[in-house]
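Take a look at the structure set out below.
Computed from a predicted structure; not experimentally measured.
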Amino acid sequence: SLALVEQAAAALAAHPGIIAASLGVLALGAVATCAFLLAMCLHLASGRYVPLGGPDGGCVWVVDNGAPVGIAAAAATLLWTLSLVKEIRLFVVAVATSCWYFEDPADLDADRVVAEALADPARAYARLAPVRAGLRLAFSKAFGSLCAAAALGLACDVLNAVTRERARRERTGLSLLAARCARAVRDVTAWVNRFVVVHAAITGGGFAASARGVTSMLSRTGLSAVVVDRVSAYLLAFVAGTVSLAAGVVAAMAHYVSTRGSPRIAEEDRAPAAAQLGVAAFLMCMVVLGFESKVLLNMIDTAYVCHAFDYHTGSSHKEVMRTALIAVRGPPIIVEHPGSSAASIGTPFTFGRSPPPIEPVPLPDPHWVRIRRCGRGLAVAAVGAAA
């Protein structure tokens with residue numbers, strides 16, 4: 001598990017623009033949130049005071065008839081936008097990680113890069129700037145697929161919220177069971193949806209085609225995908241919590257020791273001030289490390305899907321990452337045929353059922369192969385800047 005996180009960190013170091021792009025997408029989500037909140041406030045402010053009448057007088061604020069509909073539409077659009085922001089961030093991370101996973105050491109040769117730039121400017125440009133290529137694709141060709149993924153996630157969240165609220169009001173066995181089922185459906189859908197977005201980022205396919213591809217992949221390696229995802233998530237959460245706690249303790253102790261005998265702070269205020277500084281340092285580290293942990297987890301999930309493509313095509317990329325993934329999910333089952341020296345990869349299946357066929361899956365073309373409209377001058381300029 002530590003080797004897996006180490007390889008994800010190496011991929012992040014190879015493409016540090018992933019952090020900047022993720023922060024930029026989150027900032028765009030924050031701007032959209034402020035815009036929708038402002039729209040809801042304007043709907044609320046569109047009303048007027050209406051006198052109540054009677055001996056006591058007084059008045060009440062009454063909004064227009066269309067204000068509730070507008071507020072509900074703005075709230076629904078805001079929730080969908082926040083879900084879309086999450087999918088766009090995942091898509092960009094997946095594009096950059098897949099470029100890192102499938103890259104060839106020969107691609108780093110300067111003469112080959114220049115020759116490729118002259119022959120196919122779009123491919124060379126995307127190879128040099130995978131993060132920018134991912135952003136461009138997320139807001140162009142893949143935007144419809146990401147919108148569909150966000151809508152599906154939002155529908156599951158709404159279903160879970162409705163059933164949970166009903167269970168809280170009624171407190172019956174049937175309502176509690178419905179709430180648990182809705183929560184399970186939401187969790188499973190969100191987990192599969194994440195792999196669908198990653199698959200779309202790698203292959204460039206639509207949402208439906210990526211969903212079929214992920215279903216086929218998980219039907220063969222579903223349990224190992226759960227193990228890799230959950231083990232990595234728990235390890236990253238543990239590391240983030242431990243480091244944040246250590247940072248908070250160190251900051252509190254440093255402040256307490258450095259203010260000893262200082263005339264600027266009273267003796268009885270030293271301990272509370274150190275505790276406040278430690279809590280602030282802990283929370284700040286948790287926010288920063290939590291964000292980076294999510295990025296690393298998305299990169300690990302992308303590397304697993306890339307490894308699944310390698311596994312079913314017999315290819316091999318990033319041997320160190322492949323070794324780390326196999327160490328977490330376990331080696332494949334090898335079947336030796338009696339009377340034969342040949343061995344084959346077996347697929348476990350339930351007694352009474354025939355095993356699912358393993359069809360060869362073509363190695364996915366990176367997104368830069370699909371981009372054909374980038375200007376030749378832009379690619380040559382990027383090659384010159386890199387040189």
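Note on L236 and F282: separate hydrophobic clusters, where clusters join Ile, Leu, Val, Met, Phe, Trp and Tyr whose side-chain heavy atoms are under 4.5 Å apart, directly or indirectly. Linking Ile, Leu, Val, Met, Phe, Trp and Tyr residues whenever their side-chain heavy atoms come within less than 4.5 Å leaves V239 and L245 in two separate clusters. No continuous path of ILVMFWY side-chain contacts below 4.5 Å connects Y234 to W191, so the two sit in separate hydrophobic clusters. Under the 4.5 Å side-chain heavy-atom criterion for grouping Ile, Leu, Val, Met, Phe, Trp and Tyr, L297 is connected to V188 within one hydrophobic cluster.
For the pair L159/R186, no side-chain contact is recorded, criterion being any heavy-atom separation below 4.5 Å from C-beta on. Between F36 and L79, every side-chain heavy-atom pair lies at or beyond the 4.5 Å cut-off. A heavy-atom distance below 4.5 Å is found between the side chains of R194 and N298. By the 4.5 Å heavy-atom criterion applied to side chains, L135 and V25 are counted as neighbours. Put simply, the side chain of F91 does not reach to within 4.5 Å of the side chain of E87, judged on heavy atoms. Counting heavy atoms from C-beta on, the side chains of V287 and F291 never come closer than 4.5 Å. In this structure, S210 and T203 have side chains that are in contact, with non-hydrogen atoms separated by less than 4.5 Å. Under the 4.5 Å side-chain criterion, counting only non-hydrogen atoms from C-beta, S22 is in contact with I18.
V250 shares a hydrophobic cluster with no other residue; no ILVMFWY side chain has heavy atoms under 4.5 Å from its own.
Scanning for side chain to side chain donor-acceptor pair (under 3.5 Å) contacts around Q276 gives an empty result, with sequence neighbours left out. For E292, there are no salt bridge (charged side-chain N to carboxylate O under 4.0 Å, His left out) partners, not counting sequence neighbours. Remark: E165 engages R168 in a side chain to side chain donor-acceptor pair (under 3.5 Å) (not counting sequence neighbours). Annotation: side chain to side chain donor-acceptor pair (under 3.5 Å) contacts of T77 (sequence neighbours excluded): none. In this view, Y256 and R270, A271, A274 satisfy the side chain to side chain contact (heavy atoms under 4.5 Å, CB included) rule, not counting sequence neighbours.
Between the side chain of S83 and the backbone N or O of W80, no donor-acceptor pair lies under 3.5 Å.
Across N193 and G153, no two heavy atoms sit closer than the pair ND2-N, 4.2 Å. I300 approaches A8 most closely through the heavy-atom pair CG1-CB, 3.8 Å. Here the shortest heavy-atom pairing between N160 and A179 reads OD1-O, 4.1 Å. Considering all non-hydrogen atoms of both residues, A76 and L154 come closest at O-CD2, 4.0 Å. Nearest heavy atom pair, residue T215 against residue A211, reads OG1-O, 2.7 Å. Shortest non-hydrogen contact noted between G205 and S145 is O-OG, 4.2 Å.
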Candidate pair F195 and V305, rule side-chain contact (heavy atoms from CB on, under 4.5 Å), full reasoning: CA-CA 8 Å; F195 281 97; V305 178; 3.6 Å; yes

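Exactly one residue among V85, L90, L84 makes a side chain to side chain contact (heavy atoms under 4.5 Å, CB included) with I88. That residue is L84.
In this structure, H307 and Y304 have tilted ring planes: the angle between them lies in the 30° to 60° band. The aromatic rings of H199 and F309 are tilted relative to each other, their planes meeting at an angle between 30° and 60°.
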